[in-house]
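Given the structure is predicted, the values throughout are model-derived calculations rather than measurements. Computed over heavy atoms, backbone and side chain alike; hydrogens, waters and symmetry mates excluded. Residue numbers start from 1 in every chain, and the chains themselves are labelled A, B, ... in the order their sequence lines are given, proteins ahead of strands.
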Number of protein chains: 4
Amino acid sequence: MHSTDRARRHFSSDNWSGVHPEVLAALAKVNSGHVPSYGHDTYTASTIARLREHFGDRAEIFFVFSGTGANVLGLQTLALPFNTVICAETAHIYTSECGAAEKHVGCKLSPVPTRDGKIDRDGIAKHLHDFGNDHHVQPSAVSISQATEYGTVYSPDEIRIISGFAHEHGLKLHMDGARLANAAANLGVSLREISGDAGVDVLSFGGTKNGMIAGEAVVFFDPELATNFPYRRMQGMQLSSKMRFIAAQFDALLDNDLWLKSASHANRMASKLAAGLDSIAGIQLTQQVQANEVFAILPREHIAALQELSSFQVWTESISEARFVTSFDTTEDDVTTFIDRARAIIAG
Amino acid sequence: MHSTDRARRHFSSDNWSGVHPEVLAALAKVNSGHVPSYGHDTYTASTIARLREHFGDRAEIFFVFSGTGANVLGLQTLALPFNTVICAETAHIYTSECGAAEKHVGCKLSPVPTRDGKIDRDGIAKHLHDFGNDHHVQPSAVSISQATEYGTVYSPDEIRIISGFAHEHGLKLHMDGARLANAAANLGVSLREISGDAGVDVLSFGGTKNGMIAGEAVVFFDPELATNFPYRRMQGMQLSSKMRFIAAQFDALLDNDLWLKSASHANRMASKLAAGLDSIAGIQLTQQVQANEVFAILPREHIAALQELSSFQVWTESISEARFVTSFDTTEDDVTTFIDRARAIIAG
Amino acid sequence: MHSTDRARRHFSSDNWSGVHPEVLAALAKVNSGHVPSYGHDTYTASTIARLREHFGDRAEIFFVFSGTGANVLGLQTLALPFNTVICAETAHIYTSECGAAEKHVGCKLSPVPTRDGKIDRDGIAKHLHDFGNDHHVQPSAVSISQATEYGTVYSPDEIRIISGFAHEHGLKLHMDGARLANAAANLGVSLREISGDAGVDVLSFGGTKNGMIAGEAVVFFDPELATNFPYRRMQGMQLSSKMRFIAAQFDALLDNDLWLKSASHANRMASKLAAGLDSIAGIQLTQQVQANEVFAILPREHIAALQELSSFQVWTESISEARFVTSFDTTEDDVTTFIDRARAIIAG
Amino acid sequence: MHSTDRARRHFSSDNWSGVHPEVLAALAKVNSGHVPSYGHDTYTASTIARLREHFGDRAEIFFVFSGTGANVLGLQTLALPFNTVICAETAHIYTSECGAAEKHVGCKLSPVPTRDGKIDRDGIAKHLHDFGNDHHVQPSAVSISQATEYGTVYSPDEIRIISGFAHEHGLKLHMDGARLANAAANLGVSLREISGDAGVDVLSFGGTKNGMIAGEAVVFFDPELATNFPYRRMQGMQLSSKMRFIAAQFDALLDNDLWLKSASHANRMASKLAAGLDSIAGIQLTQQVQANEVFAILPREHIAALQELSSFQVWTESISEARFVTSFDTTEDDVTTFIDRARAIIAG
């Protein structure tokens, strides 16, 4: 299943892709002489200043290694062990981080059923009970993913409704933005309009899935929440000693809006792929395509042959639903070739 | 204190240095096409195979982001929360990881007093009591640093005595090898002779301080201890999605023994620096120089002026003891210039 | 709502009741002289020996303070933080222990939907996936409640099917037996037939709800699981220094089968109460009554008046479902009086 | 070593003793009818009101099962995982709770060397460094034991100096008062003068060692610290469902100052025992006797014979130092008989 031809591209995940050449080039630019470690260097300071242009002057911003690290450490500032964080039953933090939040925050996650990866006020409301009852975990935060794990996107209004509802009940709003760039590209809005401006309190802003080697940013729109974050980050094993190299990668993403170009491109490839799949008899899209992911039911008997063309993930075995993910480096040709061959295979 | 001239080098820490050019070059070599994420790629497999040539065929090897990550996740395999890990009172895990082991393993660390960063059988023995007493934490592991935080080095025999003693009492031996390369270079032995072959059960093998961007390896010489490590690594926020880029860095370290050349060079620069400092009246070395660190008592009134020459850390304020660290990129000239100017300053 | 007449009884919970007089009397019998603390006394040893007559010679048995303590510490022996414990969405460990399992075990709990508090093979199977996938928590145990939180009871065969299925997949079976006595009384079987003999690996055997002041037993049918339990219990804040007084309470429960008499009586009172409620027009039972709990939908407009007669808990506000719990000290008259008056109130 | 004559008394520990008859009698007084569980009953409310007469109107008071539970849950309100709690190296929380604080709070404990179980400003000051350094745990609390594990007692002034110093540096003061009654009795002061009035922020007030079956109180002199305590207690497995029975025990301690009478008596017996031991050639007291404990070096060759007379603990094997503890039920005759026989044995 896994190709041995290392130059090929696939639809397995945006983290199967390598690094954007401009990101790689940026590393060399900062690789000169000694600078203070652990983020006390001027490169880090300057990149954070640039990120503030996107997220606002009051934003407190910290780099970490990984998306799970960003989510866990962000949630630690929003929940004590007797709290619960309400999230979609499909949320990465609920399904795909091997219980990291439960272990590191020590709290329960309360899942909300969802068809498309999004949750709303009604779903959240079902977990808003037993405030003050010491037998019950106390809701302290809501976490949403933007874009969701199903490649769908919350509009700024949808987020505002959730944040308003959460705040009204004394809860904070966390956003897993591993693919925030893709959501912003889809909506044609700034990063800020779908995070801080829409009421998000703490954001994991992803870099890795958008062309970086490794690096995410935790963004606090409420600076008070960040007070102890340096300690949490170090204790949480997410403090890079040679921080300038994470900063340099984000710097490259910010130059000439590379983040937006890469995300827009990936989104466009996903749309094209979706249109192609939709045009094949026997394939049925299962989700709206609003970011860089396509979900589709495939003819079960052809899945193995299709995976020979390009690796992709079978998402829901029982209904032979597959997930296709595009990346900054997915080409038009990758898509066309796959669709043409897939059509032939399925046509038999 | 922090230089604004980014091309300068300092004696603050080996993580103030940048990345070895060959390490940087290695990233580009693997940056082509899509490969399976999370370490299921052939680059990772091949680097691990190369590392096994150094650590033995049975070694189970995993890449993680950071030294604290390597230590914490390694210790998790050696201790349950009711256990204790015995270590030097100067150990990085005890003093400098913001309580990461206590939080993530959930256990106590039991400190052994030390003058030079090393511990021995007698010091360990003081914590070997109350086995079977349910009020007392149960010793399950010893952790030593090689080289130590004081730049001293355990001989293979010294390690063997500790591992033999530990095993005899049912304890495992963990080694924080953030500077293992420097120790091996100093002793003129292989990496294996001072780790697995000397009875170490779990090793944190450092890459970052020896010229990498970020990346460490957890090496299990007892493969059974590694059984659940993939889950621990993911839950522990230390699983890199684009793993090939950590593998590539280690690959560069292995090519033409770059790891050894870099470590030997740094050690040599430390020796030279030590000799120079020792030759200045009013300066007194406080530790043997066996790796890439020099500890010395400086005339308190000149410290500020000396730090203008090159940043370095005041280690023990009360006795005006400073720590100097050399790196793969420290030059002879860096040392000579510093010594010459320091001599002049102190001579007044 | 809370009565100020302290001699009254209610249907709120079996822990609203006091202590059985014979249990209280038993305390005085052991209150003489000094004995070793922390369970190293002969009273404790002798009570454990008596409990082994019920649970089998190989059973390892430990006293703890509370039901939550018993559950959490039992589960700690069955799950590491990267594991998950599968349980009913209505399980006490999932809904009513303020996230204790998540905090103390550090693992996720995976809820199975249920109508009657019971789960079966199919419900469990839905969580048996992604074995070996390091992004997913690994199922290591199933936990069932006997009797359930809905007052229903698993037959020995039902438990055997679950334990067989769990063991087949490498999972252990945990039982929350806070009301195990009520289940045994209902089924007319021994305590062992619905625990160890039916494949349960670790049991929380409840005493408090059956007439004790405070005290539960953790029973390991697989003695190897108990190896480190003494340390877990002490670290887990569940080791009573004057253990003889917990032992004495269990001793009283065992004398003349007081445990069975009390549980049978409570069950009988629940049946009588259920029959009475069922005979009132406008009241609808919602669960089978197999232990000492009755669930019924009440006319919403009369709930306040009914609670004046006797305190009871509104279980599901949305459908005005109430829970009634009987106890060892509930009298026939308590039931008759309540039913008669309730009938009058509802008849208007 | 452990006597089979259950009516005998020993000098092993104050938790080897049984329950004061008045405490036992108090249980029956509250054992009537049903009352709200989990502390929502009027007995609990009334006992807490009585305790407030001792600890002040603003004190927030909660009952828990055990001393370790009281300490751990109290410390949870004073430290996050990246903090450290400074305590004597001999503190119960450091040496004798099987790492409970490290596991449950998740933080490091920083030990202060001590000869007599007490710590002072200088010892604490050694741990007050690296504030703001994210590699170092951040001191957030000091914990002292009153009386100490060596049977010594802090004067109100000594406590005030510590609390002043702690508060000045932003730290809170925790007190493990498992034997607070003995300290108060020794000093002839109220409970409050050596806790809240002397600057203690959170206190574990012990009942078990002073004649109760099981029960401690966590007392918050700063009510804000108590805000989330109900959740911490439930999640922390320390919430007794039939709380009235813990309340009743404390009630008995308060009636006619039973707590003071019992503690004073135990202290007197310790003084008498100390005087007796001191009068025997070959025995050397090692600590001041200010509470109900006596520490003495015994002739090693006679220890076994002396333990036949009465069980006691060998505290420091290397110097054959023993610990003797007296209790509310220790009699003058117990002491006299032991001394007489010990003298004879040692005289040979």
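Only the side chain of A214(A) comes within contact range of chain B, judged by heavy atoms closer than 4.5 Å. For S12(A), no part lies near chain B; criterion is any non-hydrogen pair under 4.5 Å. Contact annotation for M243(B): neither backbone nor side-chain heavy atoms come within less than 4.5 Å of a heavy atom of chain A. Residue contact with chain A, scored on non-hydrogen atoms closer than 4.5 Å, involves the backbone of D14(B) exclusively.
Between L24(B) and A28(A), the shortest heavy-atom contact is CD2-CA, 3.7 Å. Between G18(A) and N31(B), the closest heavy-atom pair is CA-OD1, 3.3 Å. What you find for M237(B) and S66(A) is that their closest heavy atoms are O-OG, 3.8 Å.
More than 12 heavy atoms of other residues, nucleotides or ligands shown are found within 6.0 angstrom of CD on Q313(B). R50(B) CZ: more than 12 foreign heavy atoms inside a 6.0 Å radius.
In terms of modelled atom types and a separation under 3.5 Å, the side chain of R244(A) and the main chain of W16(B) share a donor-acceptor contact. Between the side chain of Q238(A) and the main chain of Q238(B), no donor-acceptor pair closer than 3.5 Å is present. Side-chain atoms of H34(A) come within 3.5 Å of backbone atoms of H10(B) as a donor-acceptor pair (strictly under, hydrogens ignored). At distances below 3.5 Å, not a single donor-acceptor pair connects side-chain atoms of K103(B) with backbone N or O atoms of Q235(A).
Atom NZ of K209(B) is separated from atom OG of S241(A) by 6.0 Å, given to the nearest 0.5 angstrom. Annotation: the span from F245(B) atom CZ to T208(A) atom OG1 amounts to 11.0 Å, rounded to 0.5 Å.
With sequence neighbours left out, T336(A) forms a side-chain contact (heavy atoms from CB on, under 4.5 Å) with K272(A), D340(A). Under the side chain to side chain donor-acceptor pair (under 3.5 Å) criterion, T68(A) pairs with no residue, sequence neighbours left out.
If you tally non-hydrogen atom pairs under 4.5 Å between each of P21(A), G69(A), S96(A), S13(A) and chain B, the highest count goes to G69(A). Chosen from G236(B), S240(B), S327(B), the residue pairing most often with chain A at heavy-atom distances under 4.5 Å is G236(B). Between chain A and the options V72(B), L73(B), I213(B), V19(B), the largest number of non-hydrogen pairs under 4.5 Å is found for V19(B). Among E97(A), E102(A), H104(A), the residue making the largest number of heavy-atom pairs under 4.5 Å with chain B is H104(A).
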